[in-house]
**Student:** 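Could you have a look at this structure, given as structure tokens, before my questions?
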Amino acid sequence: MDSLQCLELANRLFPDITETPEDMEARYPARNLPEGAKVTRIAPSPTGFMHLGNLYGALVDERLAHQSGGVFYLRIEDTDAKRAVEGGVRMIIEAFRNFSLIPDEGATIDGEIGAYGPYYQRQRKEIYHVFAKSLVARGYAYPCFCTEEELESMRARQEAAKENFGYYGPYAVWRDRSFEEVMTKLDEGTPYVVRFRSPGDISHKIRHTDLVKGKLELTENDQDLVLLKSDGIPTYHFAHVIDDHLMGTTHVVRGEEWLPTLPMHLQMFQVLGFKPPKYLHTAQLMKIDPETGSKRKLSKRKDPELALSFYRQQGYPSASVLEYLMTMLNSNFEEWRAANPAAPFESFPFSTNKMSASGGLFDLEKLTDVSKNVISRMSAEQVYEEVASWAQEFDPDFAALLTRDPAYSKAILAIGRGGKKPRKDFARWEDVKPYMSFFFDELFCCDRTQMPALPEETICRILEDYQGIYDPADDNQVWFDKLKAMCGRYGLCADMKAYKKDPSAYAGSVADLSMVLRVAITGRAQSPDLAEVCRLLGRERVLKRLCR
RNA sequence: GGCCCGUUGGUCAAGCGGCUAAGACAUCGCCCUUUCACGGCGGUAACGGGAGUUCGAUUCUCCCACGGGUCACCA
């Protein structure tokens, strides 16, 4: 096919396209951003729930852009009609919003913002066609009339012959057909896709430096990949190259599963005369497969527990998830956090060259630890607000109790909070209810089996005696001194050190005495500081519980 | 099968030619302590294997093994 025929073919394929690549360049001028500002994007497809992996990448995108004074935008990759899910876009936006990852530009709940739209790929069809037409005209693309069946049997033959799979070389059956033959097919109305005419050769290697993986030596691409599907919608590969060029993306963050197609993309950037963005191919988040016991990539289908909604349901604060992800991203984050406990998350100097090239295993226990620390830094007020809003959605009964007397709830949550050695009782908002249940008569229930091994009679006497001397006005020291003073009456030892030296000399210790009261009042063997608990419960309720 | 990426303790990880190979989580022990937490101190525990380069390799090169990814008109 000579150049004239290519031009004619281009016009035949895209009769309605009158604009040129130059027109597109003019419509999407380079961004006017300060030196070093990075432009990043999240480009999910609306195929269902958002995954931890999506958040992982998005966090990198967001930090890179906002740390450099650049732009972080959202593009919707809705080119796959078959997998699209109703309300998918809304889910995406809300999921990211829950983690305070707010795009500066792109698709929003109602419409879109920004000058580089449309941000939905289906709405950019004409733009892709402009470039596709140009490629056809230049001989860099051509129609292919193979049916899916033909492609399948080709693949089967390749497998049998142990050859490389795909559409290339002798298998690129429509690559070098005559102009007449192609036109005849077109006249017949045969469906077709538009393929890239790859100038590559697999005996050539290309060098590329990835910001995460480092120096790479890759095999050149020789596959004539599909640019436009038979419905005229682009494949990811083509859309990626066109969009990220036009929208001015400077840094593409994506999972390493894209590494094999990188040569393909680089090649297209070159043929189109675009400057390629910098790439960050992030390591996959892994998990141990419970069935096989081996590490494997997190999968949307197999691991619903890693959907972002899972964390919300259990009540992991979004800040916890973010901080955990950041410890995976930049391992020096923990150190930084320890040195700057009160600093806002955004002030951490995130760096791409600290990112690990190997895959990380998602570790729920580590998340738990990070989360406990995050929550321990919150004020009682903050914890209250967060728990209340979580409970509103996931445990309405508890929410009702919590909000009945906000001051009371906050006072409970304030126990042991703040100071040098804060309690770390909660990793998730789910943990709060069991922790504070005995403060509410509706939830209180006494587990007598937790009582220390003292004679029943002694227990009764302790409870009775304590009623007589209990005074809510006592401070912790006075309160405890009173307990010690009681010990002698039951043959208990008031001095723990002495008791430990010779336990057999006593019936028990002040620890046992405290435990009797604790179990009676809180219903269990563990609780925050008993004196404070009593103060909050109030004299009347304390006495009532002692009577049982 | 081709191509590509990866491999430091149970987990996440520092390391970027010379170190008694950090730290965190988990785990175990001790201390503090009226319980639980918190906190403090300490312990167990690692460079996948083999060649080579080098005075010297966890670090560089090659081979192998293992793990992972990918080869769609899905992204």
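A note on names: the letters A, B, ... follow the listed sequences, proteins ahead of strands, and every chain is numbered from 1. Values in this document were obtained by computation on a predicted structure and should not be read as measured data.
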**Student:** Determine yes or no for a side-chain-to-main-chain donor-acceptor pair under 3.5 angstrom, with A:Asn330 supplying the side chain and A:Asn332 the backbone.
**Tutor:** no

**Student:** For B:rG40 and B:rU7, measure between their C1' atoms and round to the nearest Å.
**Tutor:** 36 Å

**Student:** Find the distance A:Lys424:NZ to B:rA24:P and express it as a whole number of Å.
**Tutor:** 12 Å

**Student:** Provide, to the nearest angstrom, the distance between the NZ atom belonging to A:Lys372 and the P atom belonging to B:rG39.
**Tutor:** 10 Å

**Student:** Using atom P in both nucleotides, what's the gap between B:rG50 and B:rC36 to the nearest angstrom?
**Tutor:** 49 Å

**Student:** Heavy atoms from C-beta onward define the side chain here; which of B:rC5, B:rA37, B:rU33 lies closest to that of A:Lys497?
**Tutor:** B:rU33

**Student:** Within the supplied structure, the quantity of interest is the number of heavy atoms (other residues, nucleotides, ligands) at a distance under 6.0 Å from A:Lys354 NZ; does it exceed 12?
**Tutor:** no

**Student:** When rounded to the nearest Å, what value does the distance between C1' atoms of B:rC63 and B:rA26 take?
**Tutor:** 37 Å

**Student:** Would you mind checking if A:Lys215 and A:Glu217 are paired as a salt bridge, meaning a charged N to carboxylate O distance below 4.0 Å?
**Tutor:** no

**Student:** Please report the distance, rounded to the nearest Å, between CD in A:Gln223 and C1' in B:rC73.
**Tutor:** 14 Å

**Student:** Which of these nucleotides, B:rC25, B:rG2, B:rC4, is closest to any side-chain atom of A:Asn164?
**Tutor:** B:rG2

**Student:** Could you tell me whether the phosphate oxygens of B:rC74, OP1 or OP2, come under 4.0 Å of any side-chain nitrogen or oxygen in A:Thr79?
**Tutor:** no

**Student:** Side-chain donor-acceptor pair under 3.5 Å between A:Asn221 and A:Tyr168, yes or no?
**Tutor:** no

**Student:** For the pair made of NZ in A:Lys354 and C1' in B:rG15, what is the distance, rounded to whole Å?
**Tutor:** 12 Å

**Student:** Once you apply a heavy-atom cut-off of 4.0 Å, does A:Ala525 come out as touching a base, just sugar-phosphate, or nothing?
**Tutor:** base

**Student:** Within this structure, what is the CD-to-P distance between A:Glu334 and B:rU11, rounded to whole angstrom?
**Tutor:** 17 Å

**Student:** Compute both the distance and the angle, then confirm whether A:Arg524 meets the cation-pi test with A:Phe438: under 6.0 Å from the six-membered ring centre, within 45 degrees of the axis.
**Tutor:** no

**Student:** Give the nucleotide from the list B:rC4, B:rG69, B:rU34 with an atom nearest to the side chain of A:Lys205.
**Tutor:** B:rC4

**Student:** Do A:Ser527 and A:Arg518 have a side chain donor and acceptor closer than 3.5 Å?
**Tutor:** yes

**Student:** Can you tell me the distance, in whole Å, between the CG atom of A:Leu216 and the C1' atom of B:rC3?
**Tutor:** 12 Å

**Student:** From C-beta outward on A:Pro422, which listed nucleotide comes closest to its side chain: B:rU34, B:rA75, B:rC38?
**Tutor:** B:rC38

**Student:** When you compare the ring of A:Phe333 with the six-membered ring of B:rA24's base, are the centres less than 5.5 Å apart and the planes under 30° from each other?
**Tutor:** no

**Student:** Compare the minimum distances between each of B:rA75, B:rC5, B:rU34 and the side chain of A:Lys213, then state the nucleotide with the smallest one.
**Tutor:** B:rC5

**Student:** Can you measure A:Lys500 atom NZ to B:rU35 atom C1' for me and round it to whole angstrom units?
**Tutor:** 12 Å

**Student:** Quote, to the nearest angstrom, the P distance that separates B:rC64 from B:rG23.
**Tutor:** 37 Å

**Student:** Check whether the aromatic ring of A:Tyr236 stacks on the base of B:rC74, taking stacking as ring centres less than 5.5 Å apart and planes within 30° of each other.
**Tutor:** no

**Student:** What I want to check is whether the side chains of A:Tyr171 and A:Asn164 have a donor and an acceptor closer together than 3.5 Å.
**Tutor:** no

**Student:** Is the shortest distance from a Lys or Arg side-chain nitrogen in A:Asp431 or A:Arg428 to a carboxylate oxygen in the other one below 4.0 Å?
**Tutor:** yes

**Student:** Which value, in whole Å, describes the distance between the P atoms of nucleotides B:rG43 and B:rU34?
**Tutor:** 28 Å

**Student:** Measuring from the side chain of A:Arg195 (C-beta onward, heavy atoms only), which nucleotide among B:rC73, B:rC5, B:rA75 has the closest atom?
**Tutor:** B:rC73

**Student:** Quick check on B:rU33: is either OP1 or OP2 less than 4.0 Å from any side-chain nitrogen or oxygen of A:Lys421?
**Tutor:** no

**Student:** Mind checking if A:Ser331 touches a base, just sugar-phosphate, or nothing, with heavy atoms under 4.0 Å?
**Tutor:** sugar-phosphate

**Student:** At under 4.0 Å between heavy atoms, what does A:Val226 touch on the DNA or RNA strands: base, sugar-phosphate, or nothing?
**Tutor:** sugar-phosphate

**Student:** Could you tell me whether A:Thr219 contacts a base, only the sugar-phosphate backbone, or nothing, with contacts defined as non-hydrogen atoms closer than 4.0 Å?
**Tutor:** sugar-phosphate

**Student:** Between A:Lys366 and A:Met328, just flag the one whose closest nucleotide in RNA chain B comes earlier from the 5' side.
**Tutor:** A:Met328

**Student:** Of the nucleotides B:rG69, B:rA13, B:rA72, which has the atom closest to the A:Glu257 side chain?
**Tutor:** B:rG69

**Student:** Need one value for A:Cys144: base, sugar-phosphate or nothing, where a base atom within 4.0 Å counts as base even if backbone is also close, heavy atoms only.
**Tutor:** nothing

**Student:** Which nucleotide in the set B:rU34, B:rA37, B:rA75 lies at the smallest distance from any side-chain heavy atom of A:Met496?
**Tutor:** B:rU34

**Student:** Could you measure between the two C1' atoms, the one in B:rA65 and the one in B:rC55, and give it in whole Å?
**Tutor:** 31 Å

**Student:** Please report the distance separating the C1' of B:rC66 from the corresponding atom of B:rG48, rounded so that it comes out in whole Å.
**Tutor:** 7 Å

**Student:** Under 3.5 Å for both distances, Watson-Crick or G-U wobble, that's the pair rule; now give the dot-bracket for RNA chain B, with | marking pairs to another strand and [ ] for crossing ones.
**Tutor:** ((((((((.[[[..)..(....]]].(((((.......)))))....[[[[[..)....]]]]])))))))....

**Student:** So, does the side chain of A:Arg524 form a donor-acceptor pair with the base of B:rU35 at under 3.5 Å?
**Tutor:** no

**Student:** Determine whether the side chains of A:Tyr490 and A:Asp465 contain a donor N or O and an acceptor N or O closer than 3.5 Å.
**Tutor:** yes

**Student:** A:Lys82 has a side chain; which of B:rC38, B:rC74, B:rU34 sits nearest to it?
**Tutor:** B:rC74

**Student:** Given B:rG69, B:rU11, B:rA37, which nucleotide is nearest the side-chain atoms of A:Pro260?
**Tutor:** B:rG69

**Student:** Should the heavy atoms of other residues, nucleotides or ligands under 6.0 Å from CZ of A:Phe96 be counted, would the total exceed 12?
**Tutor:** yes

**Student:** Distance check, rounded to the nearest 0.5 Å: A:Arg122 atom CZ versus A:Tyr128 atom OH?
**Tutor:** 10.5 Å

**Student:** Between A:Pro528 and A:Arg155, name the one whose nearest nucleotide on RNA chain B is closer to the 5' end.
**Tutor:** A:Pro528

**Student:** When the C1' atoms of B:rG69 and B:rC73 are considered, how many whole Å apart are they?
**Tutor:** 23 Å

**Student:** So A:Asp231, base contact, sugar-phosphate only, or nothing? Heavy-atom distance under 4.0 Å.
**Tutor:** nothing

**Student:** Rounded to whole Å, please give me the gap between CZ in A:Arg254 and C1' in B:rC5.
**Tutor:** 14 Å

